[in-house]
There are 2 protein chains.
Amino acid sequence: MRATFREQLDSLRGALVVMGSDVTSAMRWATESLLDGDIDPASKCINTAATVRQRREEVEETVVTLLVRQQPVASDLRLALASLHVAADFERMGALAEHVAKIMLMRHPVTAVPPEVAQVARQMADVAERLAWKVTGVLETGDATLAAQLDADDDEMDDLHRQMFEVLFGQWPHDVRAAVDAALLARFYERYADHAVNAAQQVVYLITGVSPANQD
Amino acid sequence: MRATFREQLDSLRGALVVMGSDVTSAMRWATESLLDGDIDPASKCINTAATVRQRREEVEETVVTLLVRQQPVASDLRLALASLHVAADFERMGALAEHVAKIMLMRHPVTAVPPEVAQVARQMADVAERLAWKVTGVLETGDATLAAQLDADDDEMDDLHRQMFEVLFGQWPHDVRAAVDAALLARFYERYADHAVNAAQQVVYLITGVSPANQD
């Protein structure tokens, strides 16, 4: 018996859950290295980002195979493209976690997060991880209600981003390099969050069929 | 007479040429604002980035329609996905041009590029624009030989990025904010270049059928 297109697309969701889980871990490891000064988690992050890139290619291949075999209608095709969008966002999230890890490694054994910015960096990391964890949860459980919380998390990230810049542009006691590192780190966490929010819209579309433009 | 899938895909290339041309202009305008202190080109850049976002959605819709009508084989499907990748890279390039414009506007009437970094910013902008212009040219003419030059341009961008950081981390006479602005601008130009190189690989695939992994 031939499985329907939607059933096969549903099994593709399993691959996306693995990617989401990987990029959540990748950012957690990058942050751990950054704040604790231990280089091992940074290496794990970089390896995981490479795995995630590979998985995105596999997801694309699976979608091609699926489309060739099943000759779907337009609405099903849009769902397949939504899966590709999610995989693309997850790949970028892995790359952003890798950027955080690389800033840590470049500055090691000096810390890239002096005490003045360590707390806000920790908070940004927490929000980033929470966002990735929630998107992955929505994918895994099919419960789209969790996605409704993402906008509030994203607002929190924007606030933290502003806080970081207030610290940097206030009485900054360190050198320019430390300020530039902190600004780039803030950008990486914020972009990671943006991609999680984008991915969530596509995930809600996959689950409910409501297009991103019509989601609240 | 029903046009073949590849002929229709070819006509989609026309839409991508327009996008490529738009993101080339968008970055040129952003740079013009940045270096000349005139806000009008920055506004044009921001409007153009919005148009490019819209065009990407149209390209996706066209691909869906095409796939539903033509039921392509796997190799043709991969070409359709390559078109979507190009559209996605162009959209990001438009957004990065917009980021440059917004830094200019946030700092106006103060310049975001003090004399110490104006020249390297100008050079980064030139390389960025050249890369975008070449990708668009390859799309338009179907002459993939132009794409072979992109790696050298990208290396030049990496060198300029390093030069920028040497200036910032040397005897920087301005405040932290100016350094952070310059670092972010450098990142935006570099990312724009990266996306142009990615797009070029997909464009070469569209034209020659040689996959990115097998391109020199």
Side-chain angles (χ1 to χ4, degrees), chain A residues 54 56-57 59-61 63-82 84-85 87-89 91-92 95-96 99 106 164-188 190-191 194-195 198 211-213, chain B residues 54 56-57 59-61 63-82 84-85 87-89 91-92 95-96 99 106 164-188 190-191 194-195 198 211-213:
Chain A
Q54 181 63 37
R56 182 196 171 179
E57 286 180 22
V59 165
E60 295 220 344
E61 270 312 295
V63 167
V64 167
T65 308
L66 195 57
L67 294 179
V68 169
R69 283 207 193 126
Q70 302 275 6
Q71 310 288 15
V73 296
S75 57
D76 286 349
L77 255 172
R78 287 198 185 88
L79 293 178
L81 293 187
L84 295 180
H85 280 299
D89 279 316
E91 185 189 11
R92 283 302 305 151
L96 288 159
H99 290 336
M106 268 196 300
M164 175 70 93
F165 278 75
E166 277 166 22
V167 175
L168 297 179
F169 299 162
Q171 295 298 320
W172 182 246
H174 305 285
D175 62 9
V176 165
R177 182 176 191 142
V180 166
D181 281 344
L184 288 175
L185 287 168
R187 180 162 174 83
F188 298 149
E190 196 194 25
R191 290 295 300 151
D194 286 343
H195 282 288
N198 285 348
S211 73
Chain B
Q54 181 63 37
R56 181 195 172 180
E57 287 179 22
V59 165
E60 295 219 344
E61 270 311 294
V63 167
V64 167
T65 309
L66 196 57
L67 294 179
V68 169
R69 283 207 194 128
Q70 302 274 8
Q71 311 286 15
V73 296
S75 57
D76 286 349
L77 255 172
R78 286 197 186 88
L79 294 178
L81 293 187
L84 294 181
H85 280 299
D89 279 316
E91 185 189 11
R92 283 302 304 152
L96 288 159
H99 290 337
M106 268 196 302
M164 176 69 95
F165 278 74
E166 277 166 23
V167 175
L168 297 179
F169 299 161
Q171 295 298 319
W172 182 247
H174 305 284
D175 62 8
V176 165
R177 181 174 192 144
V180 166
D181 281 344
L184 289 175
L185 287 168
R187 179 160 175 83
F188 297 150
E190 196 194 23
R191 290 294 300 151
D194 287 343
H195 282 288
N198 285 347
S211 73

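Quick note on labels: first sequence line is chain A, next is B, and so on, each numbered from 1. The shown structure was predicted, so the numbers you read here are calculated from the model rather than taken from an experiment.
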**Student:** So, using salt bridge (charged side-chain N to carboxylate O under 4.0 Å, His left out) as the criterion, who are the partners of B:Arg191 when residues are at least two apart?
**Tutor:**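 With neighbours one apart ignored, the set is B:Asp194.
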**Student:** With side chain to side chain contact (heavy atoms under 4.5 Å, CB included) as the test, would you mind laying out the steps for A:Phe169 and B:Val180 before giving the verdict?
**Tutor:** CA-CA 9 Å; A:Phe169 299 162; B:Val180 166; 3.9 Å; yes
**Student:** With a 4.5 angstrom heavy-atom cut-off, is it the side chain or the backbone of A:Val176 that approaches chain B, or both, or neither?
**Tutor:** both
**Student:** Sequence neighbours excluded, which residues qualify as salt bridge (charged side-chain N to carboxylate O under 4.0 Å, His left out) partners of B:Glu61?
**Tutor:**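 Listed in chain order: A:Arg78.
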**Student:** Side chain, backbone, both or neither: which part of B:His174 has a non-hydrogen atom closer than 4.5 Å to chain A?
**Tutor:** neither
**Student:** Please walk me through it: do A:Arg92 and B:Arg92 pass side chain to side chain contact (heavy atoms under 4.5 Å, CB included)?
**Tutor:** CA-CA 12 Å; A:Arg92 283 302 305 151; B:Arg92 283 302 304 152; over 6 Å; no
**Student:** To the closest 0.5 Å, what do you measure between CG (B:Asp76) and CG (A:Leu67)?
**Tutor:**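 Interatomic distance, B:Asp76 CG to A:Leu67 CG, rounded to 0.5 Å: 12.5 Å.
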**Student:** Give me the atom names and distance for the closest heavy-atom approach of B:Leu77 to A:Val64.
**Tutor:**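 The pair with the smallest heavy-atom distance is CD1-O, 3.7 Å.
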**Student:** Examine whether an atom of A:Leu184 lies under 4.5 Å from a heavy atom of chain B, and if so say whether it belongs to the side chain, the backbone or both; otherwise answer neither.
**Tutor:** side chain
**Student:** Quick one: which of A:Ala80, A:Ala74, A:Pro72 has the most heavy-atom pairs under 4.5 Å with chain B, could you say?
**Tutor:** A:Ala74
**Student:** Between atom CG of B:Leu81 and atom CG of A:Leu81, what is the distance when rounded to the nearest 0.5 Å?
**Tutor:** 7.5 Å
**Student:** Is B:Val73 close to chain A through its backbone or its side chain, or both, or neither, when contacts mean heavy atoms under 4.5 Å?
**Tutor:**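 For B:Val73, the contact with chain A is made by the backbone alone.
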